[in-house]
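If you're wondering where the values come from, they're calculated on a predicted model, not measured in any experiment. Chain A is the first sequence line, chain B the second, and so forth, proteins listed ahead of strands; every chain is numbered from 1.
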Protein chains: 2
Amino acid sequence: MTPKIVRQIAELREEIAAYRRGNPDGQVGFVPTMGYLHEGHASLIRRSAGENGLTVLSIFVNPLQFGPNEDFDRYPKDERRDLAVASSAGANLVFMPSVEEMYPEPMRTKVTVSEVTERLCGASRPGHFDGVATVVSKLFHIVQPDRAYFGLKDAQQVAVIARMTRDLHMPIDIVPCPTVREEDGLALSSRNVYLTPEERKQALVLSQSLAQVPGWIEDGMTEAELAVRIRGRIRSQPLADIDYVEIATYPDLKQPAPDRPLRDSNVPLLVALAVRFGKTRLIDNVLLFPSEVK
Amino acid sequence: MTPKIVRQIAELREEIAAYRRGNPDGQVGFVPTMGYLHEGHASLIRRSAGENGLTVLSIFVNPLQFGPNEDFDRYPKDERRDLAVASSAGANLVFMPSVEEMYPEPMRTKVTVSEVTERLCGASRPGHFDGVATVVSKLFHIVQPDRAYFGLKDAQQVAVIARMTRDLHMPIDIVPCPTVREEDGLALSSRNVYLTPEERKQALVLSQSLAQVPGWIEDGMTEAELAVRIRGRIRSQPLADIDYVEIATYPDLKQPAPDRPLRDSNVPLLVALAVRFGKTRLIDNVLLFPSEVK
């Protein structure tokens, strides 16, 4: 069934309230996105549709989370295709507010999450996670879902949102969902559309090097050794310009003990990277649980 | 009827959910306090009880909003009397969590409100309003009330909470309520109990000088003239040690035009002061609407 498009906060609240009145035991699932939907987003919507009576998808390119030299102005958009994806994946309501609807006056309130935002994208995109935490907090208060679905390609974002939700006692289950990849391994991203054919080809080095990580950890590598190995592998591609390659505990995103083989970790490990190909910055990661590396 | 005492978040949520299940159109009012209740708190509870089917009172002395040299450790407590006040004013649930229940792990998330926190208590108590905004945000997510009641003696706090609620789209009506005073004019405060008889007597200068403010404004005083006049009046009491005397637009808490008579303001004005008597810091204010000073 075609989802209903809603552009006003008040109307969205009324739609959700009507659902809840009609379904006292019904649950509401929420998938916040920036649009230009791909199969990764579709997998979140399908999961929500399977677990909740009502699924709300939001499409909002949030200016607050973009830095001054980032791609806010050229972030890709395709409303018609987004609605087709939303519809076939099972969204019931698609919330597409304008910037004015979300920010009717200058924001004076900011939600900040510290420590888990210090490294990785938090370090290379100053203010980014303040913008994410603040807009997600706004969206959570507008939708008031029972569950919210986030893709693990943005693993640090999942950690930030989960921490915010817990610290502020928001009554919402945060559901992390696996990264979806192309057949050849490239992690799906709305930004992949920016890549030239040659950049696209060389970008495969990201998923390929991450695929080797479990083996390298099994071999007994420390954090520094693993980072060096991944960087070397990525540098084999001449168009790759590394922003960061980092290994962190998950979900706290602290530095693992530097001298100890990573295979001895008793907490999950995130191996994450951000690499530019031309003007396009791609991120990817692998999340490893202790049982998987021993 | 005696209110039910609840100390655990999960139990409070269950009580409120049970009320909502049984009363689909019922509304929930919330009065957050730090306890040691006085008639000012009682007036908030009574108002909530009159406007909502269920009134939740919270009593929590929030360490996050106290500075290192403030009175967190000696903040007055009297659980038995608080319950008597809560009961006779009509509270249904009294939430009295421990610090561990509210802060089970180190907080990484902070809610900050800028601009409206720059002056007045925001300037003299650094970090105070971050602590207030953060804990109120937590309490709002725990209680999920329809309305929340705050006393205007803390006028800046009301402005901060109202701004946070609006900026983050929290679905809660913030209801500001008038300051309650002793017969002789002293604004009710849990901290009045700290005052010696002589300090208590001299502290009357606060409400007395504020009572003259409308007349002084009518006379055509500018902001600077009014501040000088109030300071002079307060200094007539030898134990009074002025922290601040400030005039601000309300609720934005900006400086009014410096050269213009305040009576020409077309926005509400807040005249607020904080004055120490011995170890006790008292605040008081008067809020004036344009129609009242012309």
Partner of B:T134 under side-chain contact (heavy atoms from CB on, under 4.5 Å), chosen from A:L168, A:D167, A:V111: A:L168

Taking A:R108's backbone N and O only, do any of them form a donor-acceptor pair with B:S114's side chain (distance below 3.5 Å, no angle check)? yes

Specify which of A:I9, A:T112, A:V113 makes the most heavy-atom pairs with chain B at under 4.5 Å.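 Greatest number of close heavy-atom pairs with chain B: A:T112.
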
Most contact-rich option vs chain B, by heavy-atom pairs under 4.5 angstrom, among A:T109, A:V116, A:T117, A:V135, is A:T109

When the 4.5 angstrom heavy-atom criterion is applied to A:R166 and chain B, the contacting part is side chain

Measure A:L139 against the heavy atoms of chain B and call it side chain, backbone, both or neither at under 4.5 Å. neither

Heavy-atom closest pair, residues B:H169 and A:H141: O-CB, 3.2 Å

Best-contacting candidate, B:S137, B:P171, B:A133, B:P106, against chain A by heavy atom pairs under 4.5 angstrom: B:P171

Take atom NZ of A:K153 as the centre, draw a 6.0 Å sphere, and report whether it contains more than 12 heavy atoms from other residues, nucleotides or ligands.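 Correct, the count exceeds 12.
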
Part of B:I172 lying under 4.5 Å from any heavy atom of chain A: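 Answer is neither: B:I172 stays 4.5 Å or more from chain A.
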
